[in-house]
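Some notes on the structure that comes next.
Given the structure is predicted, the values throughout are model-derived calculations rather than measurements.
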Amino acid sequence: MTHDLKLDEIGNWSEVKLEIVKKYAQAYSTILSKKAHLRHAYIDGFSGPGVHLKKLTGEMVKGSPLNALEVTPPFKEFFLVDLDGDKVELLKGIVGEEPGVHVFQGDCNKILLEQVFPHVRYEDYRRGLCLLDPYGLHLDWCVILKAGSMKSLEIFLNFPIADINRNVLRKDQSTVLPSDMVRMTRYWGDESWREELFKPSPQLSLFGEPDQEKESNEAVAAAFRERLRVKAGFTHVPEPLPMRNSKGAIVYFLFFAAQQPVAAHIVEEIFTKYR
């Protein structure tokens, strides 16, 4: 039941992310609304209940779906997805019966591909801004790949480096759970991460063989940025923004990927203000 739902508490880095996405959504909708032949949509694959709580104060904060709904000129359609049924029920209660707002409960990896992306095809003069903000490695590469190949979508993407470091990129790979390796491969798109994200260590192993250590966070992000360009087919992928917690540690990298240079330019300007 929704009255038992405990809202997520978010840190300052999450508030910054919400500000960034809202600022770009405003610019994006302003530009697209001037193109009468196009119809643009906002898509959120991990929408949550629409509201959060500030970790330090307990104050309520509007989430990405509500921010998008407040953008003027407005998006023509909204596609909001979340796996948690209670969060979806609360979100529906908040947004009400707004025309053009479609709320889905289920796995976004399936729903986006089967029920949402078909509504934003390039050849149908549709365009979309898509937020993919999983809590961890809960996104399939096939969603990113499809978004890139459609040429009609721009995406903001959470690259969960903290989850990756904690559970996958361990020096001793024998300690990594098989399920975490599967999650990593699904997010990365193939098993090339096993070689790309490690480098030779100057130290030898106990058996006198060359040892290995993980690449830096920045090198890991750079490798994924290259995949977005080369493998997924996004023409413009600005340098991602590291999102840090109160102790300065990088929690995740916020990526943006698009086909139009003007989109990347706007996001680079926004990112620069928060670096």
Tracing side-chain contacts under 4.5 Å among Ile, Leu, Val, Met, Phe, Trp and Tyr outward from Val230 reaches none
On a heavy-atom basis, the closest approach of Phe234 and Ala257 is CG-CB, 3.4 Å
Between the CD1 atom in Ile266 and the CD1 atom in Ile31, the distance rounded to the nearest 0.5 Å is 4.0 Å
CD1 (Ile155) and SG (Cys130) are apart, to the nearest 0.5 Å, by 7.0 Å
- prompt: salt bridge (Lys or Arg N to Asp or Glu O under 4.0 Å) between Arg229 and Glu226: does it pass, once the steps are laid out?
  reply: CA-CA 5 Å; Arg229 289 188 298 208; Glu226 188 68 5; 2.7 Å; yes
*Val103 and Val116: same hydrophobic cluster, using ILVMFWY side-chain contacts below 4.5 Å?*
no
Extract all donor-acceptor atom pairs below 3.5 Å that involve side chains of residues 136-143 and protein atoms in other chains or at least two apart in sequence.
residue : atom : partner : partner atom : Å
Asp140  : OD1  : Arg186  : NE           : 2.9
Asp140  : OD1  : Arg186  : NH2          : 2.8
Asp140  : OD2  : Arg186  : NH2          : 3.0

*asked:* Is there a continuous path of hydrophobic side-chain contacts, each under 4.5 Å between heavy atoms, that joins Leu7 to Val61?
replied: no
Checklist entry - Is a donor on one side and an acceptor on the other found under 3.5 Å between the side chain of Thr185 and the backbone of Val182? => result no
Glu59 meets the salt bridge (Lys or Arg N to Asp or Glu O under 4.0 Å) criterion, sequence neighbours left out, with Lys54
Here the pair of heavy atoms bringing Gly45 nearest to Leu112 is CA-CD1, 4.4 Å
Hits for salt bridge (Lys or Arg N to Asp or Glu O under 4.0 Å) against Arg183, two or more places apart or cross-chain, chain-then-number order -> Asp163, Asp180
Between Thr30 and Pro73 the two heavy atoms that sit nearest each other are OG1-CD, 3.8 Å
- Item | Side chain proximity check, Leu197 to Val168, heavy atoms < 4.5 angstrom | no
List the atom pairs, donor and acceptor, that lie under 3.5 Å between side-chain atoms in residues 63-71 and the rest of the protein, sequence neighbours left out.
residue : atom : partner : partner atom : Å
Ser64   : OG   : Asp44   : OD2          : 2.6
Glu70   : OE2  : Lys62   : NZ           : 2.3

When rounded to the nearest 0.5 Å, the distance separating CE of Met184 from CD of Glu191 is 11.0 Å
The complete set of ring-ring contact (aromatic ring centres under 6.0 Å, His included) pairs with one or both residues in residues 87-115, sequence neighbours excluded, reads Phe79-His102
Please answer: with hydrophobic residues joined when any side-chain heavy atoms are less than 4.5 Å apart, are Met150 and Leu38 in the same cluster?
-> no
With Phe224 as partner, the option from Tyr187, Phe253, Trp193 fulfilling ring pair (Phe, Tyr, Trp, His ring centres under 6.0 Å) is Tyr187
Side-chain contact test, heavy atoms from C-beta onward, threshold under 4.5 Å: evaluate it for Asn167 versus Leu177 and give yes or no.
-> no
Query raised in the report: Taking the side chain from Lys87 and the backbone from Leu5, do they hold a donor-acceptor pair closer than 3.5 Å?
Result: no
Practice prompt. With the side chain counted from C-beta on, respond yes when Phe256 and Glu154 share a heavy-atom pair under 4.5 Å apart, and no when they do not.
Written response: yes
Within one Ile-Leu-Val-Met-Phe-Trp-Tyr cluster: Leu113 and Leu131, side-chain cutoff 4.5 Å: no
Closest non-hydrogen contact found for Val120 with Arg127 is CG1-O, 3.9 Å
Could you tabulate the donor-acceptor pairs under 3.5 Å formed by side-chain atoms of residues 10-22, not counting sequence neighbours?
residue : atom : partner : partner atom : Å
Lys17   : NZ   : Asp133  : OD2          : 2.4
Glu19   : OE1  : Tyr274  : OH           : 2.9

- Message: Quick one, Ile94 and Pro49 - any side-chain contact, counting heavy atoms below 4.5 Å?
- Response: no
#### Entry: More than 12 heavy atoms of other groups within 6.0 Å of Lys231 NZ
no
Has Gln105 got a side-chain atom pairing as donor or acceptor with Leu83's backbone, closer than 3.5 angstrom? yes
*Compare all side-chain heavy atoms of Ser192 with those of Arg227 and state whether any distance is below 4.5 angstrom.*
yes
Between the CZ atom in Phe117 and the NZ atom in Lys146, the distance rounded to the nearest 0.5 Å is 9.0 Å
Check: Is there a side-chain contact between Phe78 and Glu98, using heavy atoms and a 4.5 Å cut-off?
Finding: no
Applying salt bridge (Lys or Arg N to Asp or Glu O under 4.0 Å) to Glu218 and not counting sequence neighbours gives none
- Item | Neighbour count above 12 (heavy atom, 6.0 Å) for Glu195 CD | no
* Asked: Tyr24 and Phe156: aromatic ring centres closer than 6.0 Å?
  -> yes
Assess the residue pair Lys199 and Glu213 against the criterion (side chain to side chain contact (heavy atoms under 4.5 Å, CB included)); give the C-alpha distance rounded to whole Å, side-chain angles, the decisive distance to 0.1 Å, and a yes or no.
CA-CA 6 Å; Lys199 60 184 177 181; Glu213 58 186 34; 3.2 Å; yes
When every non-hydrogen atom of Gly233 is compared with those of Lys151, the smallest separation belongs to O-NZ, 3.3 Å
What one should report as the nearest heavy-atom pair of Asp8 and Tyr135 is OD2-OH, 2.6 Å
Salt bridge (Lys or Arg N to Asp or Glu O under 4.0 Å) filter on Asp124, not counting sequence neighbours, yields Arg121
- Please say whether more than 12 non-hydrogen atoms of neighbouring residues, nucleotides or ligands are located less than 6.0 Å from NZ in Lys92. no
Residue set satisfying side chain to side chain donor-acceptor pair (under 3.5 Å) with Ser29, at least two apart, ordered chain then number -> His40
Residues passing the side chain to side chain contact (heavy atoms under 4.5 Å, CB included) test with Thr175, sequence neighbours excluded, are Arg170, Asp172
One should read off an interatomic distance between His52 NE2 and Met60 CE, to the nearest 0.5 angstrom, of 10.5 Å
Taking only distance into account, with no hydrogens and no angle test, what donor-acceptor pairs under 3.5 Å do side-chain atoms of residues 235-244 form with protein atoms, sequence neighbours excluded?
residue : atom : partner : partner atom : Å
Thr235  : OG1  : Gln259  : OE1          : 2.8
Arg244  : NH1  : Gly248  : O            : 2.9

Do Phe46 and Ile144 sit in one hydrophobic cluster, given that two such residues count as connected whenever their side-chain heavy atoms are within less than 4.5 Å of each other, even indirectly?
yes
* To do: Assess the pair Tyr252 and Phe159: is the distance between their ring centroids shorter than 6.0 Å?
  => no
To the nearest 0.5 Å, atom CG of Leu132 lies from atom CG of Asn158 at 9.5 Å
- Might you work through the side chain to side chain contact (heavy atoms under 4.5 Å, CB included) test for Arg126 and Lys76, ending with a clear yes or no? CA-CA 10 Å; Arg126 302 293 182 93; Lys76 302 302 182 184; over 6 Å; no
